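Working notes, structure below.
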Amino acid sequence: MGEPKKYVTSDELKTHNQPGDLWICIQGKVYDVSEWMKTHPGGDLPLLNLAGQDVTDAYIALHPPAAWTHLDNFFNGYYLKDYTVSDVSKDYRKLSSEFKKMGLFEKKGHGVLISLIFIAMLFAVCVYGVLCSESCLVHLVCGGLMGFLWIQSGWLGHDSGHYQIMIDRKFNRYAQILTGNCLAGISIGWWKRNHTAHHIAVNSLEYDPDLQHMPVFVVSSKFFDSLTSKYYERKLNFDWVTRLLVSYQHYTYYPVMCVARLNLFAQSFVLLLSNKPVANRGQELLGLLVFWIWYPLLVSCLPNWGERVMFVLASFSVTGIQHIQFTLNHFSSSVYVGEPRGNDWFEKQTNGTLNITCSEFMDWFHGGLQFQIEHHLFPRLPRCHLRKISPFVKELCKKHGLPYDSASFYKANEMTVATLRTAALQARDLTKPVPKNLVWEAMNSPG
């Protein structure tokens with residue numbers, strides 16, 4: 001006769017939510033992942049942010065079938081006594097299972113090969129235009145094409161971080177370093193850490209780094225309370241400088257997006273030079289070194305400083321389109337303060353996300369972000385299938401009374417700017433004092 005099962009309650013599970021004592025529940029079984037946190041491929045933040053909870057839906061969404069074979073190594077012998085599954089979660093898991101049976105997670109199409117060839121052609125054209133033409137107009141066009149190249153490499157880097165786009169993990173890693181570090185100057189390690197935290201805590205003002213852009217932008221007046229970022233591990237102070245910048249953020253939004261690449265460059269180095277755990281740190285740094293050799297070298301081949309500045313600004317401005325696309329999906333959606341929860345995965349992903357309505361012909365332009373709701377619910381699904389599953393997701397949202405918000409690219413821009421404007425006008429409210437100086441008072445006093 002086997003030993004009787006041992007149980008813990010949800011309240012008891014919540015007490016195991018710290019580094020060194022970190023438990024999670026998946027399908028009713030409790031796992032001690034304290035040691036796994038050190039080597040978890042998705043980093044430590046997903047485990048820390050969902051510690052002491054049932055994380056079944058998040059685990060299903062973010063992990064391939066192979067990962068399930070490792071779970072038993074962390075089973076601590078306990079089961080969750082009050083484990084329940086909501087109707088929404090039941091339908092979500094059923095839908096995920098159906099997609100798996102259809103083989104959608106494994107069918108990646110030929111888009112990756114086509115994209116790689118296209119990127120190689122763009123790179124060759126840019127280099128040829130800079131080295132072999134004396135025309136200022138040609139150099140301007142080449143700068144724009146370089147920005148377009150970064151957009152396309154960004155889509156591949158995004159995809160390779162969520163699922164295997166190459167024939168095996170080794171080649172997938174090469175693709176990540178090539179498209180992220182070498183071609184775009186952005187650490188794939190930084191991106192995975194940032195992006196996974198975003199998926200786990202979508203639109204949480206304290207946990208989602210994609211909403212934490214102070215002192216330049218805020219999407220909600222809740223930031224005026226100087227919230228603490230759990231991602232950056234510091235307080236986001238709403239001081240007079242922030243108030244001044246935020247008060248005009250609906251005007252500065254597009255100009256800032258044109259140079260937003262600089263922030264990604266900086267964040268990559270900040271992480272890689274920190275003491276935080278980063279897999280293959282040497283590879284990451286070597287990849288960035290490659291970028292910071294070839295790009296400045298190419299720019300230096302232009303005939304004068306005027307054209308060099310023009311080339312850089314053109315490449316940054318064009319790739320700014322992608323930064324705008326990143327913000328459209330979430331800036332105008334519902335936000336909340338607090339930690340993410342594992343038992344409302346479907347609800348949080350749909351509430352905090354906006355789709356972009358477009359024709360199938362424009363799918364190449366949006367890189368999968370036009371079906372952001374579908375992507376957030378099934379992040380491992382290749383983007384070539386997102387349009388196909390959209391009706392199923394929409395029907396499930398309708399069944400459970402959940403939002404399935406979408407807008408045209410133009411309308412989404414309007415909504416984003418309106419969100420920024422609302423927060424800007426609230427920031428100008430002088431009845432809510434923050435430390436000010438003469439600059440602030442001069443720019444905002446009547447008369």
Side-chain angles (χ1 to χ4, degrees), residues 61 88 91-92 95-96 98-99 102 104 107-109 111 114-115 118 147-148 151-152 154-156 158-159 162-163 195 198-199 202-203 208 210-211 217 219-220 250 253-254 257 260 318-335 345-422:
V88 178
D91 285 344
Y92 169 65
L95 193 58
S96 180
E98 289 298 319
F99 293 158
M102 294 165 65
L104 297 184
K107 296 176 182 177
K108 302 176 178 67
I114 295 171
S115 293
F118 186 51
F148 188 61
I151 291 176
Q152 297 307 311
W155 299 142
L156 280 187
H158 174 265
D159 292 346
H162 278 297
Y163 55 88
H195 198 62
H198 162 65
H199 270 266
V202 61
N203 278 30
D208 185 354
D210 282 9
L211 294 186
F217 299 131
V219 297
S220 168
H250 50 307
Y253 171 63
Y254 290 110
M257 291 295 105
V318 170
T319 199
I321 296 171
Q322 189 174 60
H323 294 284
I324 291 170
Q325 290 172 304
F326 290 151
T327 63
L328 296 184
N329 294 126
H330 299 288
F331 269 27
S332 63
S333 296
S334 175
V335 299
W345 174 263
F346 194 99
E347 295 92 327
K348 279 293 193 296
Q349 304 302 322
T350 54
N351 274 294
T353 308
L354 175 71
N355 275 6
I356 305 299
T357 305
C358 70
S359 66
E360 188 172 354
F361 172 74
M362 290 300 293
D363 284 354
W364 64 271
F365 174 74
H366 295 283
L369 298 191
Q370 73 276 31
F371 293 107
Q372 186 76 339
I373 296 173
E374 287 75 10
H375 169 63
H376 265 259
L377 291 172
F378 305 98
R380 293 189 304 103
L381 192 72
R383 58 175 141 128
C384 59
H385 301 309
L386 294 176
R387 184 175 290 274
K388 182 186 301 182
I389 72 164
S390 177
F392 299 100
V393 174
K394 188 181 297 185
E395 183 61 31
L396 194 54
C397 288
K398 181 179 179 181
K399 176 181 177 181
H400 294 284
L402 295 170
Y404 184 90
D405 296 326
S406 61
S408 69
F409 184 71
Y410 180 81
K411 181 63 177 177
N413 273 269
E414 280 191 331
M415 293 166 65
T416 298
V417 172
T419 298
L420 294 174
R421 183 178 184 276
T422 298

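No experiment lies behind these values; they were computed from the predicted model shown. Numbering of residues begins at 1 and proceeds along the displayed sequence.
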* Mind running side chain to side chain contact (heavy atoms under 4.5 Å, CB included) on H198 and H330 for me, showing each step along the way? => CA-CA 11 Å; H198 162 65; H330 299 288; 3.3 Å; yes

Check whether any side-chain N or O of [X] sits under 3.5 Å from a backbone N or O of [Y] as a donor-acceptor pair, and report yes or no.
X    : Y    : value
H195 : H162 : no
T416 : A412 : yes
N355 : I373 : yes
Q349 : H199 : yes

Taking the side chain as C-beta and beyond, is there a heavy-atom pair between [X] and [Y] under 4.5 Å?
X    : Y    : result
F331 : L211 : yes
F346 : C397 : yes
N351 : P403 : yes
Q370 : E360 : no
W155 : R383 : yes

So which heavy atom on [X] is nearest to which on [Y], and how close?
X    : Y    : value
S334 : N203 : O-ND2, 2.9 Å
G147 : V318 : C-CG1, 3.8 Å
C358 : H366 : SG-CD2, 3.7 Å
G352 : V202 : O-CG2, 4.0 Å
A61  : P379 : O-CG, 3.4 Å
S332 : L354 : OG-CD2, 4.0 Å

Between [X] and [Y]: side-chain donor-acceptor atoms closer than 3.5 Å:
X    : Y    : result
Y254 : N413 : yes
Y404 : S390 : yes
D91  : H400 : yes

* What pairs with D363 under salt bridge (Lys or Arg N to Asp or Glu O under 4.0 Å), at least two apart in sequence or on another chain? ->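 So D363 forms a salt bridge (Lys or Arg N to Asp or Glu O under 4.0 Å) with R387.
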
* What pairs with E395 under salt bridge (Lys or Arg N to Asp or Glu O under 4.0 Å), at least two apart in sequence or on another chain? ->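 By the salt bridge (Lys or Arg N to Asp or Glu O under 4.0 Å) rule, E395 matches no residue at all.
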
* Please name all residues satisfying ring pair (Phe, Tyr, Trp, His ring centres under 6.0 Å) with F371, sequence neighbours left out, ordered by chain then number. =>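 F371 satisfies ring pair (Phe, Tyr, Trp, His ring centres under 6.0 Å) with no other residue.
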
* Asked: Can you list the residues that meet the ring pair (Phe, Tyr, Trp, His ring centres under 6.0 Å) rule with Y163, with sequence neighbours excluded?
  ->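 None.
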
* To do: Scan residues 319-329 for pairs that pass salt bridge (Lys or Arg N to Asp or Glu O under 4.0 Å), counting only residues two or more places apart or in two chains.
  =>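 Qualifying pairs, neighbours excluded: none.
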
* Pairs involving residues 371-382, ordered by first then second residue, that meet salt bridge (Lys or Arg N to Asp or Glu O under 4.0 Å) (sequence neighbours left out) ->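 Matches after skipping sequence neighbours: none remain.
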
Using 0.5 Å steps for rounding, measure from the [atom1] atom of [X] to the [atom2] atom of [Y].
X    : Y    : atom1 : atom2 : value
L402 : K348 : CG    : NZ    : 11.0 Å
E414 : S408 : CD    : OG    : 7.5 Å
F99  : F392 : CZ    : CZ    : 6.0 Å
F409 : L328 : CZ    : CG    : 5.5 Å

* **Candidates I389, T353, V393 - the one meeting side-chain contact (heavy atoms from CB on, under 4.5 Å) with L377** =>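 Exactly one option meets the side-chain contact (heavy atoms from CB on, under 4.5 Å) with L377, and it is V393.
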
* Going through the distances and angles, do L369 and I356 end up as a side chain to side chain contact (heavy atoms under 4.5 Å, CB included)? -> CA-CA 7 Å; L369 298 191; I356 305 299; over 6 Å; no

* Begin with the C-alpha distance, continue with both residues' side-chain angles, and end with the deciding distance and a verdict on side chain to side chain contact (heavy atoms under 4.5 Å, CB included) for N329 and H375. => CA-CA 11 Å; N329 294 126; H375 169 63; over 6 Å; no

* Asked: Between T327 and Y253, does a side chain to side chain contact (heavy atoms under 4.5 Å, CB included) hold up when you go through it step by step?
  -> CA-CA 10 Å; T327 63; Y253 171 63; 2.6 Å; yes

